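Worksheet: one structure, shown below.
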2 protein chains.
Amino acid sequence: METTDLKHQECISTLRPIRDALDVLNGKWKLPIIVALTFGEKRFGEISREVHGITDRMLSKELRDMEVNGLVKRKVYDTYPVKVTYILTPHSQTLGGVIESLRNWGELHRKKILSGEV
Amino acid sequence: METTDLKHQECISTLRPIRDALDVLNGKWKLPIIVALTFGEKRFGEISREVHGITDRMLSKELRDMEVNGLVKRKVYDTYPVKVTYILTPHSQTLGGVIESLRNWGELHRKKILSGEV
DNA sequence: CAGGATCCCATAGGATACTG
DNA sequence: CAGTATCCTATGGGATCCTG
């Protein structure tokens, strides 16, 4: 294996975690759901009402996905009718820096594009 | 408008630049293309060979997209047959921090998932 | 209430062939 | 060489209805 191949391999393995991170954040609804849960533990119906436009199907799907990724915790109360709440996990808090970074660059990018700088 | 609505509006406007940033990076091929161009100006065919698995159609599409977003610059040489090269712009360099941030979190995330911590 | 089931459409992306 | 055109599949996401 020669130098350029080594470099290439290094970059490929660098790419994997980046893709992981992007996948966790991606899709139309994950960020809005995180925002909704930022203000505290919420029930399914509450999130549904706060994240404007989301359907029950997508909310259900995204919450399950986020639970698998350890971003939210699902709590079931044994009442009738059943009550289910979702809450952000400590792990989700570690996303703060990434989101900040994305936001800052997004703002910079928008400014440059609008000013015709790029 | 009451307090919760104000908070909500603030968060929505915060979300926009984040989405912008995610959109610029997203898709299967943008990062690998950036990696390929990191080692310097390259021709269409060279990128095609370095980014394993990409089709001409996707490469063409992604390069155009990245050009619109000011990440790459396209240079046409008036030779026969025509020679075209692509090079990363200074603006694309500003992505460095975001990518670092994504990579670090992605690695942390993977560790936590694999260790069963989440 | 908290979803699942079903159906539908739009877009991402792949395969192959073709052209200035 | 540097793409474009065409056709196809898979996935994301929406709409609607149903149920424990």
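Bear in mind that the values here come from a model prediction, so they are computed numbers and not experimental data. Labels below follow one simple rule: chain letters A, B, ... track the order of the sequence lines, proteins then strands, and each chain is numbered from 1.
For A:Lys112 (side chain) and B:His91 (main-chain N/O), no donor-acceptor pair under 3.5 Å exists by modelled atom type. The main-chain N or O of B:Leu71 is found under 3.5 Å from a side-chain atom of B:Thr89 such that the two form a donor-acceptor pair. One N or O on the side chain of A:Ser115 and one on the backbone of A:Lys111 form a donor-acceptor pair closer than 3.5 Å. Between the side chain of A:Thr38 and the backbone N or O of A:Ile34 there is at least one donor-acceptor pair closer than 3.5 Å.
Look at B:Arg43 and you won't find any side-chain N or O under 4.0 angstrom from OP1 or OP2 of D:dC1. Taking 4.0 angstrom as the limit, B:Lys28 places a side-chain polar atom (N or O) nearer than this to OP1 or OP2 of C:dG14.
Atom CG in B:Leu63 sits roughly 14 Å away from atom P in C:dG13 (whole-Å rounding). Look at CD on A:Glu46: it is 13 Å from P on C:dG3, rounded to the nearest Å. The distance between atom NZ of B:Lys61 and atom C1' of D:dA2, rounded to the nearest whole Å, is 17 Å. Atom CD1 in B:Ile54 sits about 14 Å away from atom P in C:dA12, given to the nearest Å. Separating the NE2 atom of B:His52 from the P atom of C:dG14 is a distance of 15 Å, rounded to the nearest angstrom. In this structure, the CZ atom of B:Arg19 is 9 Å from the P atom of D:dG13, given to the nearest Å. Rounded to whole Å, atom P of C:dG4 lies 8 Å from atom CZ of A:Phe44. In this structure, B:Asp56 atom CG and C:dT19 atom P are separated by 16 Å, rounded to whole Å.
Hydrophobic cluster membership is shared by B:Leu88 and B:Val84, with clusters built from Ile, Leu, Val, Met, Phe, Trp and Tyr side chains linked at under 4.5 angstrom. Residues A:Leu15 and B:Leu108 share a single hydrophobic cluster, defined by chaining ILVMFWY side chains whose heavy atoms lie under 4.5 Å apart.
For the pair B:Glu67 and B:Arg64, the salt-bridge criterion is not met [side-chain N within less than 4.0 Å of a carboxylate O]. Between B:Arg103 and B:Glu107 there is a salt bridge, since at least one side-chain N of the basic residue sits less than 4.0 Å from a carboxylate O of the acidic one.
Residue A:Gly53 is classed as having no contact, given no heavy-atom separation below 4.0 Å to the nucleic acid.
Classified by interplanar angle (parallel below 30°, tilted 30° to 60°, perpendicular above 60°), the ring pair A:Tyr86/A:Phe44 is tilted.
B:Trp105 approaches A:Leu95 most closely through the heavy-atom pair CE2-CD2, 3.5 Å.
For B:Thr55, the side-chain atoms get nearest to C:dA15 when compared with the rest of C:dC1, D:dG3, C:dA15. For B:Met58, taking side-chain heavy atoms from C-beta onward, the closest of the listed nucleotides D:dT4, C:dG13, D:dG13 is C:dG13.
The stretch residues 64-76 of chain A touches DNA chain C through A:Arg64, A:Arg74, each having a heavy atom under 4.0 angstrom from the strand. Contact check of residues 77-88 of chain B against DNA chain C (heavy atom, cut-off under 4.0 Å) returns no residues at all.
With hydrogens and angles ignored, a donor-acceptor pair closer than 3.5 Å exists between the side chain of B:Arg57 and the base of C:dG14.
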### Message
With side-chain contact (heavy atoms from CB on, under 4.5 Å) as the criterion, how do A:Glu41 and A:Lys75 come out once you've worked through the C-alpha distance, each side chain's angles and the decisive distance to 0.1 Å?
### Response
CA-CA 10 Å; A:Glu41 182 173 2; A:Lys75 293 203 273 185; 3.1 Å; yes
### Evaluation steps, side-chain contact (heavy atoms from CB on, under 4.5 Å), between B:Leu25 and A:Ile18
CA-CA 10 Å; B:Leu25 256 0; A:Ile18 302 177; over 6 Å; no
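Axis deviation across the helix from C:dC1-D:dG20 to C:dG20-D:dC1 amounts to 40°, comparing end segments of five pairs, rounded to 10 degrees.
Map B:Ser60 and B:Arg49 each onto its nearest nucleotide of DNA chain D; the residue landing nearer the 5' end is B:Arg49.
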